[in-house]
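Comments concern the structure below.
Order of the sequence lines fixes the chain letters, A, B, ..., with proteins taken first and strands second; residue numbering starts at 1 for each chain. Worth knowing before you read on, the calculation uses all heavy atoms, side chains too, and leaves out hydrogens, waters and symmetry mates.
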There are 2 protein chains.
Amino acid sequence: MAVRTDGRRRVDTRREILDAAVEVMAERGVAGLSLSEVARRVGIKQPSLYKHFASLHAVYDEVFREGAERQLEVVAQAVRGSTPGLPAMAAAVEAMGRLAMANPVVAQLLSWRPVPDFTPSEEAFRPSVEMVGVVRTTLRDAVAAGELDPAADSDEGVALFSIVVAGALTQQLANEPNATYEDGRFSSLLPSAYAMFVQYFAPKAGESCTRPERDRL
Amino acid sequence: MAVRTDGRRRVDTRREILDAAVEVMAERGVAGLSLSEVARRVGIKQPSLYKHFASLHAVYDEVFREGAERQLEVVAQAVRGSTPGLPAMAAAVEAMGRLAMANPVVAQLLSWRPVPDFTPSEEAFRPSVEMVGVVRTTLRDAVAAGELDPAADSDEGVALFSIVVAGALTQQLANEPNATYEDGRFSSLLPSAYAMFVQYFAPKAGESCTRPERDRL
DNA sequence: GTCTATACATTGATAGAC
DNA sequence: GTCTATCAATGTATAGAC
């Protein structure tokens, strides 16, 4: 199970618990996490878990927090490594997509509410809030660069961006959770989905290309 | 609980069970359905449920089947009652959105996979398959009417349509499941989300309005 | 088609020894 | 920080009387 270096039982039991938790969720569904099963896999007795986490929800909360933090890191890094504006947005979309497909369980925990009683704590949720800010800033950059219409820099712009990205990813996770980013029927359309967003908010350069009223159904 | 007309205990116990099941799912989460709790609410003992349904999964399956059938009906009716092509599509989108917000639990069961072990039977899934056909036909009508580019009449077109619609609805269900169709932060953007799709597949009438390469990210 | 009784499994959590 | 022992719930499902 783990390397024992000295008298202490294992190097980092807490880490092992969290990894086992994700493993169990992958097999039984996100809502199917069980501390008994986790303990079995880590090789300790179930009551011992309570020395590391106060409750089942505390485990969920930490998986959520780490997942949200990782997502923020990955996106922020993608943005930093690209030209501000549309290139940064495109890089962020791809980064989110690859991360979600590599960690389907965590992605489901973050974007749905699959566990009846569990609501993430404020602290666990913080990185997600911060990521909305990153997206908003990137949208603003794209507007400043003349790549998007000013209307994109708004709550509505952020919401539509999230609809498109989360839409592709959750459809993928619900229908073919084990596909790869490249081969998934929906995840492979993520670039196209993103292109829909970009085109929708294309700058009206001198009105040469008319765009229909946005709120007309 | 129910009207008793004669010696028989109730008019339709099966119906009451299904209704109670949805109620329980609404309170405990879709994965939190329990036959014991359902029995309690219907006013019978838990073993009696097995005279009506073979197992817990059988209850899930029937809720799924009825939900899928209702969705198909509602969409088909919206399409029939509108001019073929874009008007029919717009009507379908609105119908799907209103139905989902009126029945959030069923919508979650249909569009996510929230229950660890449960997979809908082929029969329960049939209406959903049929609905893909309805969407495809409507896309074809829109292309024939010159309202959409021929590229929209494809598997990719159907997938992108579903990404946009399911994206808006699942974001809404995950974040504000109790909002109304009109007031939800995401569901209220459904028309805009749909407009993104329409604009993306706008016919290139004589190339007067250029559209970027679709698969370029 | 409803009931009682019961088998059987699983779980989250606590107390207290070491 | 790990263990044993235990509690108290909850759950699905079956057998068999009426």
Neighbours of DNA chain C within residues 20-31 of chain A, by heavy-atom distance under 4.0 Å: A/R28

A/R136 atom CZ, neighbour heavy-atom count above 12 within 6.0 Å: yes

Rounding to a whole Å, what distance do you find between A/R40:CZ and D/dC3:C1'? 17 Å

Is there side-chain contact between A/Y194 and A/L86, with at least one heavy-atom pair below 4.5 Å? yes

Looking at A/R28 and B/D117, is any side-chain nitrogen of the basic one under 4.0 Å from a carboxylate oxygen of the acidic one? no

For nucleotides 12-18 of chain C, give me one character per nucleotide, 5' to 3': B if any protein heavy atom sits under 4.0 Å from the base, S if the only such contacts are to the sugar-phosphate, - if neither. BBB----

What do the steps show when you test A/E122 against A/R126 for salt bridge (charged side-chain N to carboxylate O under 4.0 Å, His left out), and what is the final call? CA-CA 6 Å; A/E122 203 179 321; A/R126 204 189 326 268; 5.2 Å; no

To the nearest Å, how far apart are B/D117 CG and D/dG11 C1'? 14 Å

Going by the angle between their ring planes, with limits at 30° and 60°, are A/W112 and B/W112 parallel, tilted or perpendicular? parallel

Distance-only polar pair, side chains of A/E73 and A/Q77, donor-acceptor under 3.5 Å: no

Regarding B/R65 and B/E69, does a basic nitrogen lie under 4.0 Å from an acidic carboxylate oxygen? yes

Does a side-chain N-to-carboxylate-O contact under 4.0 Å join A/R98 and A/E94? yes

Would you say B/S48 reaches C/dT4's phosphate, i.e. side-chain N/O to OP1/OP2 under 4.0 Å? no

